[in-house]
Amino acid sequence: MNETAEIRFERQGRAGVVTLDRPHALNAVTHGMVRALDAQLRAWAADPAVAHVLIRAAGDKAFSAGGDIRHLYDLGKAGDPTQIDFFRDEYRLNVLIHRYPKPFTALIDGIVMGGGVGISVNGRYRVGTERIIFAMPEVGIGFFPDVGGTWILPRAPGELGMYLALTGARLRQADARYAGIVTHTVPRDRLGDLAADLLEVDDPAPLLAAFDTDPGPPPIAARQATIDALFSGVSVGEILKRLDETAGAEADWAAATAREIRAKSPTSLEIAFRQMRFGRGASFEDCMRLEYRIVSQVLQGADFYEGIRAVIVDKDMKPRWRPAELEDLEMADIEAHFLAPDGGDLEVD
């Protein structure tokens, strides 16, 4: 088996079973985990004894809270050129999971963000318990919604994906189902039974349907019309203007949302806005190529390191973005994130 101490692979019954095993780090995804998972998925794709793949996580807090960003921060600060290799391999893995020829089922119990989204939501089936907390909060650390966020978020209803990208808002079970993040919802106390039964079948679809339960009305749906009206603006500035001008019953929510957005990296906000508009009509592969273009430039900038410093390293929660205001952005600097990097575009099989 191609495994590290951080990820385990087993063939159980008819399933290839992946277990993320870094509960002390909320199962944050490392480069070693990415490489091991990629190799194992390729082996299982060619193994007739494996009918489908199941991915789950150890611990009771998170499926995976993201990538190992502290390590990436340290590599960047040290000027280590291998930093980009993590993202290249991670994005190729995301493509592999999205295209996987056998059913791929993620059992999501707890936090799923960042890199954890890439190895779960890009798969065919996603099961969420009542403990799921989904978010793509990257603009708050000077980054952007990657690992397929360019594809995933624009496919949520209306302008919900734009709202999620610019605010980093969290979704729980019913809202995650409504947004298309999960395909099935199952009570946590039945997740073990589902996992055990999945080992015995060739096709997980009928079993997933049998275990599927109604999570109740999604709270975010009640605000869908408001989100659509406000987040359909032609720019981040226009969206903020609409939020500022909102009156009536939604005024307080709009004001709080505007404050939340203004706390994020202006550069990241502008990138995320353009991402969401691009992703609506693009193929998954083109979305991942775009993300590789963006990350190649982001790693050369300042806000990613400043965001991690403020949130992870010093924990003062006071990032000093450069530039600090949307109005001070140079559009040529933003547009550079959407050009092919010197080493060429992401190559996928």
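Values reported hereafter were calculated over all heavy atoms of this structure, with side chains retained and with hydrogens, waters and symmetry mates removed. Everything quoted here is computed from the prediction, not taken from an experiment.
Between Arg177 and Asp212 there is a salt bridge, with a side-chain nitrogen of the basic residue lying less than 4.0 Å from a carboxylate oxygen of the acidic one. Using a 4.0 Å cut-off between charged side-chain N and carboxylate O, Asp21 and Arg56 make no salt bridge. Using a cut-off of 4.0 Å between Lys/Arg side-chain N and Asp/Glu carboxylate O, Arg190 and Asp193 are scored as not salt-bridged. Note on Glu291 versus Arg274: no salt bridge recorded, every NZ/NE/NH1/NH2 to OD/OE distance being 4.0 Å or above. We find that Arg289 and Asp286 are joined by a salt bridge, their nearest charged nitrogen and carboxylate oxygen being less than 4.0 Å apart. Ion pairing of Arg293 with Glu335 is absent here, as no side-chain N (NZ or NE/NH1/NH2) approaches a carboxylate O to less than 4.0 Å.
Taking each heavy atom of Ala174 and Pro218 in turn, the nearest pair found is O-CB, 3.6 Å. Of all non-hydrogen atoms in Pro323 and Thr267, the two that sit nearest each other are CD-OG1, 3.8 Å. The shortest heavy-atom contact between Ala58 and Pro23 is O-CB, 3.9 Å. Taking every heavy atom of both residues into account, Val53 and Tyr100 meet most closely at CG2-CE2, 3.6 Å. Across Phe278 and Leu290, no two heavy atoms sit closer than the pair CD2-CD2, 3.4 Å. Shortest non-hydrogen contact noted between Thr246 and Ala254 is CB-CB, 3.6 Å.
Proximity of Leu208 to Leu194: side-chain heavy atoms (C-beta onward) are separated by under 4.5 Å at one or more points. By the 4.5 Å heavy-atom criterion applied to side chains, Leu346 and Met288 are counted as neighbours. Under the 4.5 Å side-chain criterion, counting only non-hydrogen atoms from C-beta, Leu199 is not in contact with Arg14. You'll find the side chain of Arg92 stays beyond 4.5 Å of the side chain of Leu96, heavy atoms only. At a threshold of 4.5 Å between non-hydrogen side-chain atoms, the residues Val29 and Asp68 do not count as touching. Contact check for Ile84 versus Tyr292: side-chain heavy atoms found under the 4.5 Å cut-off.
Looking only at distances, a side-chain donor or acceptor of Glu306 sits under 3.5 Å from a matching main-chain atom of Arg320. Looking only at distances, no side-chain donor or acceptor of Glu325 sits under 3.5 Å from a matching main-chain atom of Pro266. With Asn27 contributing its side chain and Ala62 its backbone, the two residues share a donor-acceptor pair below 3.5 Å. Side chain of Thr19 to backbone of Arg8: no donor-acceptor contact under 3.5 angstrom is found. Although no hydrogens or angles enter the test, the distance criterion places no donor-acceptor pair under 3.5 Å between the side chain of Asp314 and the main chain of Asp316. The backbone N or O of Leu299 lies less than 3.5 Å from a partner atom in the side chain of Tyr305, making a donor-acceptor pair. The backbone N or O of Leu72 lies less than 3.5 Å from a partner atom in the side chain of Gln83, making a donor-acceptor pair.
In the model, Glu159 has no side-chain atom that pairs as donor or acceptor with a side-chain atom of Ser232 under 3.5 Å. For His52 and Asp203, the side-chain atoms include no donor-acceptor pair closer than 3.5 Å. For the 3.5 Å distance criterion, the side chains of Thr82 and Asp80 qualify, holding a donor opposite an acceptor. A donor and an acceptor atom, one from each side chain of Thr30 and Glu6, are located under 3.5 Å apart.
Cation-pi contact between Arg170 and Phe134: absent, since separation from the ring centre below 6.0 Å together with deviation from the ring axis within 45° is not met. By the 6.0 Å and 45° rule, Arg155 stacks over the aromatic ring of Trp151.
Atom CE of Met33 is separated from atom CD of Glu90 by 10.5 Å, given to the nearest 0.5 angstrom. Taken from CD1 in Ile119 to CD1 in Ile7, the straight-line distance is 6.5 Å, to the nearest 0.5 Å. Note that the CD1 atom of Ile334 and the CD atom of Gln297 stand 9.5 Å from one another [nearest 0.5 Å]. For the atom pair CG of Asp244 and CD1 of Ile239, the computed distance is 12.0 Å after rounding to the nearest 0.5 Å. Atom CG of Asn122 sits about 11.5 Å away from atom OH of Tyr91, to the nearest 0.5 Å. Remark: Ser120 OG to Ile132 CD1 distance equals 7.5 Å, nearest 0.5 Å.
If you run side chain to side chain contact (heavy atoms under 4.5 Å, CB included) between Phe63 and each of Thr129, Ile133, Ile55, Val117, only Ile55 comes through.
Within 6.0 Å of CZ in Arg322 there are 12 or fewer heavy atoms belonging to other residues, nucleotides or ligands. For Lys102, the NZ atom is densely surrounded, since the number of other residues' heavy atoms within 6.0 Å is greater than 12. Within a 6.0 Å radius of CZ in Arg188, more than 12 heavy atoms belonging to other residues, nucleotides or ligands are found. Heavy atoms from other residues, nucleotides or ligands lying under 6.0 Å from CG of Asp252 number 12 at most.
The aromatic rings of Phe143 and Phe304 lie tilted to each other, with the angle between the two planes from 30° to 60°. Note: Trp253 and Tyr163 have tilted aromatic rings, judged against thresholds of 30 and 60 degrees for the angle between ring planes.
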